[in-house]
Amino acid sequence: MEFQANYPIYLQITEDIKRRIVIGELKPGDKLPSGTDLAIEYQVNPNTVQRIYHQLESEGISYSKRGVGTFLTNDETLPSRLRRQIGMALCDKFLKQMGTYHFSKDEIIHLIQSQIQKEDSIC
């Protein structure tokens, strides 16, 4: 994973774990890798992993069992809930950015529809 310099690494990895949940790589109830294994996987310091797991727990995505490990919640709605949250956040960011250029709602909709049609014609 290539990290962005202007955004905390632990949040970038947290977002990647959420992405993996949304696309089905990780499923509700799955055991997450040990702190050491996750640190190796993402090539980060074990302290960063602790922050990642703390962040996931604070968001209700995971829980820890002392001496056993960290697990994703058993909530079967987790992937769809995260997908919606991520989609809303991306849309919000996009709309704010488009607003700085004073695009109207109709212009934004037209641009999106045009881009979708362009993508459809390529496939």
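Keep in mind that the numbers below use all heavy atoms, side chains included, and drop hydrogens, waters and symmetry copies.
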Here the gap from Arg84 atom CZ to Thr77 atom OG1, rounded to the nearest 0.5 Å, amounts to 12.5 Å

Is a donor on one side and an acceptor on the other found under 3.5 Å between the side chain of Thr48 and the backbone of Val44? no

Distance (rounded to the nearest 0.5 Å) between Ile61 CD1 and Ile17 CD1: 9.0 Å

Measure the OG-NE2 distance between Ser104 and His110 for me, rounded to the nearest 0.5 Å. 10.5 Å

Just wondering, are more than 12 heavy atoms of other shown residues or ligands nearer than 6.0 Å to CE in Met1? yes

Tell me the salt bridge (charged side-chain N to carboxylate O under 4.0 Å, His left out) pairs involving residues 100-116, sequence neighbours left out? none

Non-neighbouring partners of Tyr101 that pass side chain to side chain donor-acceptor pair (under 3.5 Å), sequence neighbours left out: none

Which pairs count as salt bridge (charged side-chain N to carboxylate O under 4.0 Å, His left out) when at least one residue sits in residues 48-58, sequence neighbours excluded? none

Side chain to side chain donor-acceptor pair (under 3.5 Å) partners of Glu76, counting only residues at least two apart: none

Contact summary for Tyr53 and Ser62, nearest pair of heavy atoms: O-OG, 4.1 Å

Apart from Val68 itself, residues in the same hydrophobic cluster as defined by side-chain heavy atoms under 4.5 Å: Tyr63, Phe71

Partners passing salt bridge (charged side-chain N to carboxylate O under 4.0 Å, His left out) against Arg19 (at least two apart in sequence or in another chain): Asp16

Suppose we screen for side chain to side chain contact (heavy atoms under 4.5 Å, CB included). Which residues come up paired with Asp30, at least two apart in sequence or across chains? Leu26, Lys27, Leu72

Check Thr73 against Gly60 and note the closest heavy-atom contact, atom names and distance. CG2-O, 3.1 Å

Do we see a donor-acceptor contact under 3.5 Å between the side chains of Gln113 and Gln117? no

Which atom of Gly29 lies closest to which atom of Asn74, heavy atoms considered: CA-OD1, 3.1 Å

Take Lys31 and Thr70 through the side-chain contact (heavy atoms from CB on, under 4.5 Å) test and state the conclusion after the steps. CA-CA 6 Å; Lys31 184 177 189 282; Thr70 302; over 6 Å; no

Can you list the residues that meet the side chain to side chain donor-acceptor pair (under 3.5 Å) rule with Arg20, with sequence neighbours excluded? Glu25, Glu41, Tyr42

With sequence neighbours excluded, residues passing side chain to side chain contact (heavy atoms under 4.5 Å, CB included) with Gln4: Asn6, Tyr7, Gln12

Set of residues satisfying side chain to side chain contact (heavy atoms under 4.5 Å, CB included) with respect to Ile112, sequence neighbours excluded: Phe94, Ile108, Ile116

As a quick check of understanding, evaluate side-chain contact (heavy atoms from CB on, under 4.5 Å) for Asp92 and Lys96, giving each step before the final call. CA-CA 6 Å; Asp92 186 53; Lys96 284 179 181 174; 3.2 Å; yes

Partners of Gln85 by side chain to side chain donor-acceptor pair (under 3.5 Å), sequence neighbours excluded? none

Contacts of Lys65 meeting salt bridge (charged side-chain N to carboxylate O under 4.0 Å, His left out) (sequence neighbours excluded), chain-then-number -> none

